[in-house]
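Down below is the structure, laid out as C-alpha cells.
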Amino acid sequence: MENTAPQTSLSKGLILLMAVATGMVVASNYYAQPLLDSIANYFHISATLAGFIVTTAQLSYALGLMLLVPLGDIFERRSLIVIMTLISASGLLITAMAPNIWLMLIGTALSGMFSVVAQILVPFAATLAAPHQRGKAVGTIMSGLLLGILLARTASGLMASFTNWQGIFWLASVFLAILAITLWRCLPTYKSQTNLNYFQLLGSIFKLFATTPVLRTRSLIGALIFAHFGLLWTSMAFLLASDPFNYSDAVIGLFGLVGAAGALMAGKAGVWVDKGKGKKTTTSGLILLFICWGLIVIAPYYQWIGLISFIIGVVLLDLAVQGVHVTNQSTIYRILPDARNRLTAAYMTSYFIGGALGSLLSGYAYHQYGWIGVSSAGAIIGLLGLLVWLFGYKNDPVIQSES
C-alpha cells in the first residue's frame, strides 16, 4: 500500500511546475506534426511514411506507459522522473541529428517512450493533493499536458520558419535538460511501499483491467477520444499545406493555438468531478465529439465559411477530448488510491494506443479518400464512443462531492 504523503507538500507553485513539466516532456511527441510535409520533402519519402513518425511516437509512448510507469510504485519518484526526463532529451538529440528517416524514427521512439514521465507526475500529484483538491490538481496538470501537445505544433512551426525542421529538436533537448535539474531541486522525495516485484506489478495491471469494470470502460473511452485527436492533427498538416490553403509550416503551427483553447477546460472538468458531476461531463463531451466532425468536414469548401467552421470544430474537439480525459483519470484515481501508477499505466496505454491507431487511420483515410474520408472516420469513432458509454454507464461509480 502507498505511503500517505503530506498534503501540504503540494503547493500552488509545485502544481504549476508539474504542469509545465508534463507539457514540456510530452511536447516531444508532437513537434513533428506541423512539419510532416517538410520532413517528407527533406527525406524524399511519401506522406504515409512521414505520418508514421506520429504513429511511432504514440506507440512508443504506449509501450513506455505499460513498461515504465509502474516503476513509480517501486522506485523513489523524484529520481525516476529526473532520469527519464534526461533520456527523453537524448532522444530529441538523435532526432535533430538524424541523416535519414530510420534514425529519426529511432530518436522519436526513444523520446516518446521516456516522455511517459509525464504520467508519473500526474498520479504523483494526485497522491500529494488533499482529497477535495485532487480533481482540480489533476485537471491543472492535465491542462499543462494538453497545452504542451498543442503549443508544440506552434513552437515547431515558428522555429522552422527561422531555421529548419531540426531546430526545434535541438532547442527542446536543451530545455528538457534544464527541466530535469529544476525538478531535482523542487520535487519532494517519495517512495511507495509495495511487496510486489516488477513483473508482479505488470501482472497486477492486467488483473486490475480484468476485475475493474469502470477501468475497462474508461480506458476504452480514453482510446476512442484520443483516436479523434490523432485522426485530426496527423492529417491537418497535409490539408493545410495543399489547396485551397497552401499554408507554410509556421502558419500550420499556429493552429495549435486554436486547439489550446480546449486545454483550458481541463481544470474545470476536474472541479466538476470533485462536485460529483463526472457522468454528466462524460456524456456531454462524447456527444460534442460526435457533432464537431460536422463542422470540421467542410474545411476545404466554401472559402472563409469553411475555415471558420473548421476552427470552431477544432476548438470543440480539443475541449471535449480534454474534458472527458480529465474526467476519466479523476474517476479511476478515486476507486483504487493505492494503485494509481498501475491504473495510470492501464488507462494511458489504452489512451495512446487509440491515438496511434487514429494517426495511422488518418494517413490512410487522407491518402485514399481525402478530407471527407478523415471526417467520416471521426464521426464513426464518435458513434463508437457513445455506444461504449451507453453500455458502461451503469458500472461507473457515483462520486459524491468531497468538501
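Since the structure is predicted, the reported quantities are computational estimates derived from the model, not experimental observations.
- At least one side-chain heavy atom of Lys279 sits less than 4.5 Å from a side-chain heavy atom of Trp389.
- Tyr347 contributes atom OH, which lies 8.5 Å from atom CD1 of Ile221 (distance to the nearest 0.5 angstrom).
- A heavy-atom distance below 4.5 Å is found between the side chains of Asp318 and Trp233.
- Donor-acceptor pairing under 3.5 Å is lacking for the side chains of Thr234 and Ser362.
- No side-chain heavy atom of Tyr31 sits under 4.5 Å from any side-chain heavy atom of Met159.
- Atoms CG and CG, from Leu254 and Leu151 in turn, are 10.5 Å apart once rounded to the nearest 0.5 Å.
- Counted within 6.0 Å of CG on Leu387, heavy atoms from surrounding residues, nucleotides or ligands total more than 12; the atom is thus considered enclosed.
- Shortest non-hydrogen contact noted between Ala180 and Leu86 is CB-CD2, 3.6 Å.
- Of all heavy-atom pairs between Gly385 and Leu286, the closest is O-CD1, 3.8 Å.
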Please lay out, stage by stage, how Ile372 and Tyr369 fare under the test side chain to side chain contact (heavy atoms under 4.5 Å, CB included). CA-CA 6 Å; Ile372 290 178; Tyr369 307 106; 5.9 Å; no

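- Formation of a donor-acceptor pair under 3.5 Å by the Ser309 side chain with backbone atoms of Gly306 is not found in this model.
- Inter-residue side-chain proximity for Leu92 and Leu171 is flagged as unmet; no heavy-atom pair is nearer than 4.5 Å.
- At distances below 3.5 Å, at least one donor-acceptor pair connects side-chain atoms of Ser46 with backbone N or O atoms of Leu49.
- Of the possible polar contacts, one joining the Ser350 side chain to the Ala346 backbone as a donor-acceptor pair under 3.5 Å is found.
- A donor-acceptor contact closer than 3.5 angstrom is absent between the side chains of Tyr61 and Asn29.
- Looking only at distances, no side-chain donor or acceptor of Ser219 sits under 3.5 Å from a matching main-chain atom of Arg216.
- Counting only N and O atoms by type, the side chains of Arg218 and Thr282 include a donor and acceptor under 3.5 Å apart.
- Of all non-hydrogen atoms in His228 and Gly378, the two that sit nearest each other are CE1-O, 3.2 Å.
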| task | Using the side chain to side chain contact (heavy atoms under 4.5 Å, CB included) rule, take Phe352 and Leu59 through it: C-alpha gap first, then chi angles, then the decisive distance, then the call. | result | CA-CA 7 Å; Phe352 276 88; Leu59 289 177; over 6 Å; no

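- Interatomic distance, Tyr366 OH to Ser235 OG, rounded to the nearest 0.5 Å: 7.5 Å.
- In this model, no donor atom of one side chain and acceptor atom of the other lie less than 3.5 Å apart for Ser28 and Ser111.
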Check your understanding: Can you check side chain to side chain contact (heavy atoms under 4.5 Å, CB included) on Ile205 and Leu202, steps first, answer last?
Key -> CA-CA 5 Å; Ile205 294 172; Leu202 292 182; 4.3 Å; yes

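- For the pair Ser156 (side chain) and Arg153 (backbone), a donor-acceptor distance under 3.5 Å is present.
- In this structure, the side chain of Asp37 does not engage the main chain of Ala40 through any donor-acceptor pair within 3.5 Å.
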Please assess Ile298 against Phe310 for the test side chain to side chain contact (heavy atoms under 4.5 Å, CB included), listing each intermediate value before the final yes or no. CA-CA 7 Å; Ile298 66 173; Phe310 176 70; over 6 Å; no

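- The shortest side-chain heavy-atom distance between Val122 and Met18 does not fall under the 4.5 Å cut-off.
- With Thr22 contributing its side chain and Ala19 its backbone, the two residues share a donor-acceptor pair below 3.5 Å.
- Checked against a 6.0 Å centroid threshold, the rings of Phe206 and Phe209 do not count as neighbours.
- Phe255 places none of its side-chain heavy atoms less than 4.5 Å from the side chain of Val314.
- A donor-acceptor pair shorter than 3.5 Å cannot be found between the side chains of Gln58 and Thr55.
- Smallest separation of non-hydrogen atoms from Leu187 and Arg78: O-CD, 3.2 Å.
- We find the OG1-CD1 distance between Thr56 and Ile106 to be 10.5 Å, quoted to the nearest 0.5 Å.
- At least one donor-acceptor pair closer than 3.5 Å links the side chain of Ser375 to the backbone N or O of Trp371.
- Tyr351 and His325 have their aromatic ring centers within a separation under 6.0 angstrom.
- Nearest approach of Leu17 to Cys186, heavy atoms of both residues: CD2-CB, 3.5 Å.
- The CD atom of Gln166 sits 8.5 Å away from atom CD1 of Ile39, with the distance rounded to the nearest 0.5 Å.
- Arg77 places a side-chain N or O within 3.5 Å of a backbone atom of Gly72 that can act as its donor or acceptor partner.
- Between the side chain of Ser242 and the backbone N or O of Leu239, at least one donor-acceptor pair lies under 3.5 Å.
- Residue Pro123 forms a side chain to side chain contact (heavy atoms under 4.5 Å, CB included) with just one option from Leu128, Val69, Leu343, Thr344, and that option is Thr344.
- Residues that satisfy the side-chain contact (heavy atoms from CB on, under 4.5 Å) test with Leu288, not counting sequence neighbours, are Leu316, Leu319, Ala320.
- In this structure, Ile83 and Phe75 have side chains that are not in contact, with every pair of non-hydrogen atoms separated by 4.5 Å or more.
- The shortest non-hydrogen separation linking Tyr393 to Thr283 is CE1-OG1, 4.2 Å.
- In this structure, Trp165 has its ring center closer than 6.0 angstrom to the ring center of Phe43.
- When side chains are defined from C-beta on, Ile225 counts as touching Asn328, because their heavy atoms get closer than 4.5 Å.
- Expressed to the nearest 0.5 Å, how far CG of Leu384 lies from CG of Leu220 amounts to 8.5 Å.
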